[in-house]
Number of protein chains: 2
Amino acid sequence: MPVEDRKKSRVTLLDVAQRAGVSRATASLVVRKSPLVGAQTRARVEEAMAALGYVYNMGAARLRAERSNAVGVVVPNLTNPFFAELLSGIEAVIDRAGMVVLLVNSGDTVERQDVLMRRLREHGVDGIILCAAAGTQAGIVQQLLDWDLPVVQTLRHISPELDYAGADYAAGMRQAVDHLADLGHTAISFAVHGPVHSAYDERIKGFGEAMRARGLKSDHVIRVPDQTAQIPQAAKALFEASRPTAIICFNDVIAVGLNAGLSDLGLKVGKDVSLVGFDDVTEADIIRPRLTSISTAPVTIGEDSARLLLDRIREPQLPPRWIIKPTQLHVRHSSAAAALSLGIHKAG
Amino acid sequence: MPVEDRKKSRVTLLDVAQRAGVSRATASLVVRKSPLVGAQTRARVEEAMAALGYVYNMGAARLRAERSNAVGVVVPNLTNPFFAELLSGIEAVIDRAGMVVLLVNSGDTVERQDVLMRRLREHGVDGIILCAAAGTQAGIVQQLLDWDLPVVQTLRHISPELDYAGADYAAGMRQAVDHLADLGHTAISFAVHGPVHSAYDERIKGFGEAMRARGLKSDHVIRVPDQTAQIPQAAKALFEASRPTAIICFNDVIAVGLNAGLSDLGLKVGKDVSLVGFDDVTEADIIRPRLTSISTAPVTIGEDSARLLLDRIREPQLPPRWIIKPTQLHVRHSSAAAALSLGIHKAG
DNA sequence: CTGAAAGCGCTTACAG
DNA sequence: CTGAAAGCGCTTACAG
């Protein structure tokens, strides 16, 4: 038959009901797996669905039931492998719940984020997992409440009133500092980059407090380029600025870049200078020297945030919950005792 | 007012129309930016929408109009940075079209893929971008035609009847082989892993043909572990098997892993042995030695596949189109003249 | 456990 | 350019 006719003849729940000899309401109950329907009735309906090639129409269901089985996920960036892992955790949990992820990328700008949040809302998502763009104002929370839309914050938080899943970044910095201080390092720099947000602040603050707690100077915080490709070149200036014997990195992207840059300068990482990364991405174990890093388990954070959202959709009145996972120090070969690191002064 | 009431009082197009003093149809035309509406009428309606906090209900629109402004994207894997880049390209184009991405992860199994394709269909997506799970049968195409659902294949193809966006993998292998042969290498191995699909076959075939074209033996194809963390350990066996002076890698993940494994064996990559990667991910330039690699531009492929899908949604009767991008050789420091590579025999 | 009726919020012809 | 009516496919009470 012609295409027109095929389109017209889309099979509906009524068709299924008629073929099965039941009412539309009963067919609807079968689709939704209600226990109210008897076994043989259910079987007849299911057979009819199969025979007719019935496709459930979420759109129609959503219109009546105010439930879309879709959640929005707003990330600031897709190419950073860290966010890909986060997304992977989110997707797995949402998928298991029989729901679907609407993915949007804010590019870390609040304007785009605003447009995209509206778009998600128009699409009727049941809730949103938000890794807020840098600069997002806490005022957004009021808007979200007005919208009556469940939201959980992930990795970055902007308000105590909203659920949050993240890692204990300050504790992670403490682990990094203590590890290096225990190895005898005193001149420790912190290499950072990227936009400023809660996770940034917590790391900066964590670094400062941990350094001071060990009686060390905490003012060696140095920004390196945001562009991955340019990070290696930043190694030189970083040294000339403060002559560190050890460097803690804001993330593993920086660590990998500086590892290259230091080697370009003729320095042996893990001998002349120690390097500690942050995030512990898969790669940390397969670069040389193997990278000592603080793991923040992005997949787990993704799973946590998805579970928080599912709970909140189910029970909107729940008080805000924060799941903050401890970080873990993975010692590998890029960090070593300070005595061995003195060789760095050759580099000047 | 209580929450119940707020929910009830969801503002609809009718509310907007009444406040603006027009009919619902007119308000609908304004929402859809129809040119049929006069400027001052439009202004009145828009003002009413703003005043009332109107939110367009895609679900209702879709029910009537059979258009969801959402496309499904099926990937086999999210944690591989390569797919994240692909996704990034797709998302950018779909976003620019005012549409939204439904993201699902098949885990590279056809069973999951089947479930997820159905789910996307129930959600009423306007089309699907499919990076088919390994083992997907060409029979799926008939199902897709029955479903009347626009689909474009990306990175991997299973049928000539469907649109496809990818890279010329065979040509890429030729570039890699020619580059190494030009440097005087004759004992060249090909390190592969992962599931078997069209892109896999094309690379294997491309390697074999290119080697034979240069009069070289093409049987040194060696599988390394799929698990990234285990790749470095595979370097030793790889050598004992065939004593290559150069290795071409199926992708950069393998190249980075072997780079580490070779260095663990005391071999200098780019001197004792040459290494050529495939994909040219960002990282290729920031590991040491810098990795010679064949770029396949995943972001561009993502953009291409999204554009193909948008075109097909607009014009379903278009003949199938294939966009196959040329690859590019990026020579860096991991590949060098063969004479320098003889030192490898020390490793035995 | 099942049926008849109403309605979710929009768009689509069809008149004017 | 605008209005009144019908209907997309489902679910929700309400009776039985």
Side-chain angles (χ1 to χ4, degrees), chain A residues 4 6-46 48-49 52-70 121-126 148, chain B residues 4 6-46 48-49 52-70 121-126 148:
Chain A
E4 316 292 278
R6 271 245 254 91
K7 279 235 160 149
K8 280 284 164 241
S9 70
R10 159 163 201 152
V11 0
T12 147
L13 211 42
L14 187 56
D15 301 326
V16 171
Q18 282 171 344
R19 181 182 236 264
V22 301
S23 82
R24 183 162 47 169
T26 304
S28 174
L29 289 173
V30 172
V31 170
R32 285 174 290 144
K33 308 202 195 309
S34 160
L36 296 177
V37 184
Q40 65 273 55
T41 308
R42 168 181 306 283
R44 266 213 322 286
V45 173
E46 280 169 349
M49 296 195 320
L52 263 28
Y54 172 71
V55 181
Y56 185 65
N57 185 330
M58 280 291 317
R62 143 183 346 183
L63 184 57
R64 193 66 180 83
E66 316 252 86
R67 185 88 203 281
S68 69
N69 287 316
R121 194 167 164 238
E122 291 182 350
H123 277 271
V125 294
D126 294 331
D148 215 6
Chain B
E4 316 293 280
R6 272 242 255 90
K7 279 236 162 153
K8 281 285 165 238
S9 69
R10 159 162 200 153
V11 0
T12 147
L13 212 42
L14 187 56
D15 300 326
V16 171
Q18 283 170 343
R19 181 182 237 262
V22 301
S23 81
R24 183 161 47 169
T26 304
S28 174
L29 289 173
V30 172
V31 170
R32 286 174 290 144
K33 309 204 195 309
S34 160
L36 297 177
V37 184
Q40 65 273 55
T41 307
R42 169 182 305 284
R44 266 214 321 286
V45 173
E46 279 169 350
M49 296 197 320
L52 262 29
Y54 172 70
V55 181
Y56 185 65
N57 185 330
M58 282 290 317
R62 140 182 349 181
L63 184 56
R64 195 66 179 82
E66 317 251 86
R67 184 88 202 280
S68 69
N69 285 317
R121 193 167 163 238
E122 290 182 351
H123 278 271
V125 293
D126 294 332
D148 213 7

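Just so it is clear, the structure is predicted and the values come from calculations on it, not from any experiment.
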Between [N] atom [atom2] and [X] atom [atom1], what is the distance in whole Å?
| X | N | atom1 | atom2 | result |
| --- | --- | --- | --- | --- |
| Met49(A) | dG9(D) | CE | P | 17 Å |
| His123(B) | dG9(D) | NE2 | P | 18 Å |
| Leu36(A) | dT2(C) | CG | C1' | 10 Å |

Contact under 4.0 Å: Thr26(B) side-chain N or O vs dC1(D) OP1/OP2: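 No, no such contact exists.
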Return the minimal non-hydrogen interatomic distance between Ala27(B) and Ala17(B), and the atom names on each side.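 Nearest pair, atom of Ala27(B) first, then Ala17(B): CB-CB, 4.0 Å.
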Partner of Val45(A) under side-chain contact (heavy atoms from CB on, under 4.5 Å), chosen from Val16(A), Val31(A), Val37(A), Leu13(A):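 So the option named by the test is Val16(A).
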Close side-chain approach of Asp15(B) and Arg19(B), heavy atoms under 4.5 Å: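 Asp15(B) does not reach Arg19(B) side chain to side chain.
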So what's the dot-bracket for DNA chain D: Watson-Crick or G-U pairs under 3.5 Å, [ ] if a pair crosses, | if it pairs off-strand? |||.||||||||.|||
Backbone N or O of Arg67(A) within a donor-acceptor pair of the Asp126(A) side chain at under 3.5 Å? no
Can you give one letter per nucleotide of nucleotides 10-16 of chain C, 5' to 3': B if a protein heavy atom sits under 4.0 Å from the base, S if only from the sugar-phosphate, - if neither? BBB----
Which residues pass the side-chain hydrogen bond (donor to acceptor under 3.5 Å, both in side chains) test with Ser28(A), not counting sequence neighbours? Arg32(A)
For Ser34(B), enumerate each residue passing the side-chain hydrogen bond (donor to acceptor under 3.5 Å, both in side chains) test, keeping only those at least two apart in sequence or located in another chain. none
If you round to the nearest 0.5 Å, how far is CD of Glu122(B) from CG of Asn69(A)? 9.5 Å
Donor-acceptor contacts, no H, no angles, side chain residues 55-64 of chain B, under 3.5 Å, sequence neighbours left out:
unit_1   : atom_1 : unit_2    : atom_2 : d
Asn57(B) : OD1    : Gly59(B)  : N      : 2.9
Asn57(B) : OD1    : Ala60(B)  : N      : 3.0
Arg62(B) : NH1    : His123(B) : O      : 2.8

